[in-house]
Amino acid sequence: MNLPAPPWICPSILAADFACLGDEVADVLAAGADTIHFDVMDNHYVPNLSVGPLVLSALRKDGIDACIDVHLMVKPVDRLVEDFLAAGADFITVHPESTEHLHRTLSMIHEGGARAGLVFNPATPLSALEGVIDMLDLVLIMSVNPGFGGQAFIPSSLEKLRQARQMIDASGRNIRLQIDGGIKIDNIGAAAAAGADAFVAGTAIFGADNYAATISAMRDEIADA
Ligand code: DX5
Ligand code: ZN
């Protein structure tokens, strides 16, 4: 698939109205979203349960052909990687703690035709990047502990973004640097200034009355950063 040019706004479906998810996804895309961020939680790796590959398949069958980036908060992860590849994921992003063999997991994602992301919890050091950065298309910095929408942004994430930006630039690869958790109009500029070029937002977008105005205000803050 042809990907949009960064910066990307990536609404998290976790904050959408699940009773009409297809319409919600179509609405944020019409409002200017670049990817749909699809949060998968298993009540084991994180203490919450969300949605699985059937729901992604349903969105594809409903005609959603935009880029969908799947954030897997599940352990073990490999079995579900297969299912999300089959369901039509464009990006699959995994936590290093969720697999015994990260290189194999990332290889599976590529062999299945998707792009691969690696995600860092607030307490996970970036050193896990070193052995696998050549396999990555996306690095995701968590600015909350994973498991729930609506949490407060952890300020130390900005320094982590700066470090990740340096590592990505040094790699010379075309890797998106995504931030996830507590992103709103009033802090998205700081994340952009720290090097992020893809911005997940759940509550701030789906909780707003006007999706297009919110996404547009976010873009203005990024442009001014
Ligand atoms: C948290 C998820 C996030 C979350 C973001 O575990 O990975 O994507 O839905 O929601 P907000 O933007 O409300 O913090
Ligand atoms: Zn997420």
Side-chain angles (χ1 to χ4, degrees), residues 7-18 21 24-25 28 31 33-53 55-56 59 67-75 77 80-81 84 89-98 109 114-124 137-158 160-161 164 176-192 196-209 211 214-215 217-219 221-222:
W8 290 355
I9 304 291
C10 316
S12 161
I13 61 158
L14 204 59
D17 180 353
F18 278 95
L21 184 61
E24 287 272 73
V25 167
V28 283
D34 296 287
T35 81
I36 299 300
H37 184 79
F38 194 100
D39 282 309
V40 182
M41 302 175 176
D42 68 347
N43 190 39
H44 172 69
Y45 180 64
V46 292
N48 198 0
L49 187 64
S50 64
V51 289
V55 175
L56 177 51
L59 289 175
C67 180
I68 297 185
D69 81 90
V70 175
H71 174 192
L72 291 182
M73 291 164 271
V74 304
K75 185 176 180 177
V77 74
L80 283 171
V81 164
F84 277 98
D90 297 296
F91 281 77
I92 297 181
T93 300
V94 299
H95 287 258
E97 301 89 349
S98 70
I109 295 169
R115 291 175 169 89
L118 190 61
V119 43
F120 293 84
N121 290 330
T124 305
D137 305 288
L138 182 147
V139 170
L140 170 52
I141 304 297
M142 290 304 302
S143 39
V144 297
N145 285 293
F148 301 93
Q151 302 181 80
F153 182 87
I154 297 173
S156 60
S157 316
L158 294 175
K160 206 162 184 181
L161 276 176
R176 293 283 72 73
L177 178 54
Q178 193 177 46
I179 183 84
D180 183 6
I183 289 290
K184 314 214 172 300
I185 293 169
D186 65 8
N187 61 12
I188 199 167
D197 61 9
F199 305 85
V200 176
T203 322
I205 294 176
F206 284 108
D209 291 334
Y211 298 165
T214 304
I215 290 173
M218 288 178 160
R219 288 199 192 285
E221 294 291 332
I222 293 166

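Ligands are counted one by one from 1 in listed order, and the atoms in each one are counted from 1 as well. The first residue in the sequence is number 1, and the count goes up from there.
A distance-only check finds no donor-acceptor pair linking the side chain of T214 to the backbone of I205 [under 3.5 Å]. Under the 3.5 Å distance criterion, the side-chain polar atoms of Q151 are matched with a main-chain donor or acceptor of N145.
Taking the six-membered ring where tryptophan is involved, the planes of H95 and Y45 are tilted, since the angle between them lies from 30° to 60°.
V70 pairs in a side chain to side chain contact (heavy atoms under 4.5 Å, CB included) with only one of the listed residues (L56, L80, T93), which is L56.
For D180, the N/O/S atom at the shortest distance from the Zn ion (ligand 2) is named OD2. Distances from the Zn ion (ligand 2) to each N, O or S atom of D39 single out OD1 as the nearest. Of all N, O or S atoms in H71, the one lying closest to the Zn ion (ligand 2) is ND1.
A heavy-atom cutoff of 4.0 Å around ligand 1 is satisfied by the protein residues S12, L14, H37, D39, M41, H71, M73, M142, P146, G147, F148, G149, G150, D180, G181, G182, V200, A201, G202, T203.
Across all non-hydrogen atoms, the minimal contact from M218 to A204 is CE-CB, 3.8 Å. The minimum heavy-atom distance linking L118 with P96 is given by the pair CD1-CD, 3.7 Å.
At a cut-off of 3.5 Å, with distance as the only test, no side-chain donor of S50 or D39 sits close to an acceptor on the other residue.
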